[in-house]
Amino acid sequence: MSAQLLRGMDVAQKIRGQIKEEMESLKQKTGKVPGLAVVLVGENPASQTYVKHKERTSKKLGFYSEVHRLPAKTTQAELLHLVEELNNSEHIHGILVQLPLLEHIKEEAVIHAISAEKDVDGFHPLNVGKLVIGERCYIPCTAYGVIKMLEHAGIELQGKHAVVVGRSNIVGKPVALLLLERHATVTVCHSRTANLAELCRSADVLVVAVGRPEMIKGSWIKPGAVVIDVGINRVGGKLVGDVDFNAAKEVASWITPVPGGVGPMTITMLMVNTLQSFKYKLFQR
Ligand code: GUN
């Protein structure tokens with residue numbers, strides 16, 4: 001058996017088309033466009049690439065885009081000052097400070113400083129709390145992207161056993177909450193989970209976000225399972241996921257390739273959240 005490929009770009013393109021249409025109609029009506037500010041401190045090469053992609057997508061969709069590239073010596077106080085300016089800017093509807101931050105800056109302080117209304121990453125404790133209790137909020141982009149891909153493929157979640165491997169605030173925890181909200185039975189696994197292989201084998205839907213190349217073996221996949229691999233690892237100049245793709249695709253019913261799987265969805269959902277913020281502001285809701 002060979003699994004069907006669940007490609008993020010197909011879903012991303014469809015959603016980007018919808019964003020563009022909605023944007024243009026709002027621009028005609030109001031003369032305004034959504035604005036996204038991205039802040040990068042230092043020169044982490046992976047972060048530089050992500051930021052460049054965000055800037056490019058923003059512009060392509062017709063958003064107002066600001067990218068603040070700050071030197072590695074920037075102090076926490078200077079960064080917080082910039083965040084405050086962006087919180088107060090009427091052109092900016094979404095603020096994203098690229099993570100990870102350098103050691104001398106406390107991630108928590110920066111996340112707390114971003115206005116919850118412009119927190120299009122969904123990392124502010126107010127948005128996290130709302131996600132937990134099922135209130136309207138900004139949903140972290142990668143987790144939101146995973147759910148949109150499952151919806152696009154018509155994969156039923158109700159009553160299914162979903163196993164999430166990884167418990168990060170950015171992906172694992174929000175994905176688990178979103179699956180739960182969609183009536184899946186959810187197990188969250190991590191580096192200290194006993195019987196990881198066995199738990200993975202019981203998954204109808206397996207979402208992996210651990211950042212360890214090809215850690216999940218083909219023999220850990222239940223026949224017919226849906227496998228979502230969020231990992232992007234560079235191994236010898238090649239990108240591989242957290243799942244052994246070649247082995248897993250022989251067992252799964254659906255699987256995301258790496259690259260080309262979840263990746264394109266993250267930026268798309270960032271644009272969705274920024275457009276949403278713009279609409280809240282326009283319609284004062
Ligand atoms: N670094 C890796 N993923 C993300 C993300 O989704 N948002 C931010 N701000 N930083 C990241």
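Just so it is clear, the values below take in all heavy atoms, side chains as well, and ignore hydrogens, waters and symmetry mates. First listed ligand is number 1; within each ligand, the first listed atom is number 1.
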Output block, N or O contacts of ligand 1, threshold 3.5 Å exclusive:
| from | atom 1 | to | atom 2 | distance (Å) |
| --- | --- | --- | --- | --- |
| ligand 1 | 1 (N) | Q98 | NE2 | 3.3 |
| ligand 1 | 1 (N) | L99 | O | 2.9 |
| ligand 1 | 7 (N) | D121 | OD1 | 3.0 |
| ligand 1 | 7 (N) | D121 | OD2 | 3.3 |
| ligand 1 | 9 (N) | V97 | O | 2.9 |
| ligand 1 | 9 (N) | D121 | OD2 | 2.6 |
| ligand 1 | 10 (N) | L99 | N | 3.0 |

- Quick one: does T256's side chain have a donor or acceptor within less than 3.5 Å of a partner on D229's backbone? yes
- Task: Just jot down the side chain to side chain donor-acceptor pair (under 3.5 Å) partners of H81, sequence neighbours excluded, or say none.
- Result: E85
- Does a side-chain heavy-atom distance below 4.5 Å link F63 with V33? no
- After noting the C-alpha distance and the side-chain angles of L178 and L131, does the key distance pass the side chain to side chain contact (heavy atoms under 4.5 Å, CB included) rule? CA-CA 8 Å; L178 293 169; L131 183 62; 3.8 Å; yes
- Please go through M9's hydrophobic cluster and name the other residues, only I, L, V, M, F, W, Y counting, with side-chain heavy atoms under 4.5 Å joining them. none
- Restricting to pairs with a member in residues 158-185, which pass salt bridge (charged side-chain N to carboxylate O under 4.0 Å, His left out), not counting sequence neighbours? E151-R182
